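What follows is a set of notes on a single structure, which appears directly below.
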Protein chains: 2
Amino acid sequence: MPVKIIGIDPGSNITGYGIIEISGSSHKAISWGCFRLKRKTLADRLLQLHEELSEIIQIFQPNEAAIESVFMSKYPDAALKLGHARGTAMVTMAKHGLKVAEYAPRQIKQSVACYGAAGKDQVSTMVMRLLGIKEKPIYDATDALAISICHAHMRSSKLLAAK
Amino acid sequence: MPVKIIGIDPGSNITGYGIIEISGSSHKAISWGCFRLKRKTLADRLLQLHEELSEIIQIFQPNEAAIESVFMSKYPDAALKLGHARGTAMVTMAKHGLKVAEYAPRQIKQSVACYGAAGKDQVSTMVMRLLGIKEKPIYDATDALAISICHAHMRSSKLLAAK
């Protein structure tokens, strides 16, 4: 039975999302894009993220969810800002009954580009190739699709290991 | 007309809340306590915070909300963790139609203890005195009540200035 996975690349201004459908070993891109948080106050920007992500979840009905686990910033202020968006995305997905898997950036890059220190452009190129996407999406979206692909690989490994 | 204010002191493990009712220049404590996030995964802990805070909002129907604005940690990891809880609390309050005011720690301490560098114990003692609370609450709750009191002072100043 096909499974839909939503991947989220959270950011304090732009949060990318990417939904793929997997069936056996085949992957298909379903939807991708980003939420640009533009409202005036922080609380309202987080509400915008919650509302727009909820809408995407309601439309595409993903079965599983994944997000990047580690943030390497040296700056506490940037980490706090990212935490707001990441927490909002996680609670929104949990509220819709989705279990949220977390993967380290290296693991995600390794999964799509076979190289843990791959650059954004390499990740983007590989995501487009793996999913047969013709027009280059914004990096936030390809990063999010990469997270979905990583989750697809990890769950297959787990399923195989459980057999 | 009396106005109910909810103050939130977010934390990655414990989030304090404090609700006061103001009528003219009088303040009354309505409810205070904390949410101890104990579920297994981060997404589930944030969902727990969202659910328990939503319940408190539904029970006490506050009209206005306030939260601490600045986090002084030197550690990005701690800031990211706090951001998750802070973002979840903010989006939950915004979802319930509450406008969320933000105040710096110094401003909050100044507001209740007349001293911006007051310690937790001083803040707690002053909050108890100002609100006539007999039994010492957990610091997370007195900090949250201090945030509500700070908002009460700031909105009165604004209302006076607008006259």
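What you are looking at is a predicted structure, and each value in this text was computed from that prediction instead of being measured. Every chain is numbered from 1 and lettered A, B, ... according to where its sequence line falls, protein lines coming before strand lines.
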Hydrophobic clustering (ILVMFWY, side-chain heavy atoms < 4.5 Å, transitive) - are [Y] and [X] grouped together?
X	Y	answer
A:I108	A:I22	no
A:I5	A:I133	yes
A:F60	A:V127	no
B:L98	B:L53	yes

- prompt: Quick one: are B:Q48 and A:V91 in side-chain contact, heavy atoms under 4.5 Å?
  reply: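 Of all side-chain heavy-atom pairs linking A:V91 with B:Q48, none is under 4.5 Å.
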message: Minimum heavy-atom separation for B:L42 and A:M90, please, with both atom names.
response: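 Minimum heavy-atom separation between B:L42 and A:M90: CD2-SD, 3.7 Å.
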- line: Heavy atoms of A:P76 and B:A79 approach each other most closely as O-CB, 3.3 Å
task: Answer yes or no: are there more than 12 heavy-atom neighbours, outside B:Q61 itself, under 6.0 Å from its atom CD?
output: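 Above 12, so yes.
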field: Other residues, nucleotides, ligands: >12 heavy atoms within 6.0 Å of B:R106 CZ
entry: no
statement: Looking only at B:V100, B:D44, B:T88, most heavy-atom pairs under 4.5 Å shared with chain A are made by B:T88
message: Pair B:L82, A:H84 - check side-chain contact (heavy atoms from CB on, under 4.5 Å), show working.
response: CA-CA 8 Å; B:L82 178 79; A:H84 290 140; over 6 Å; no
Distance in Å, B:T92 OG1 paired with A:H50 NE2, rounded so as to fall on 0.5 Å steps: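 So the OG1 of B:T92 and the NE2 of A:H50 are separated by 8.0 Å.
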query: Once you round to the nearest 0.5 Å, how far does NZ of B:K95 lie from CG of A:L46?
result: 13.0 Å
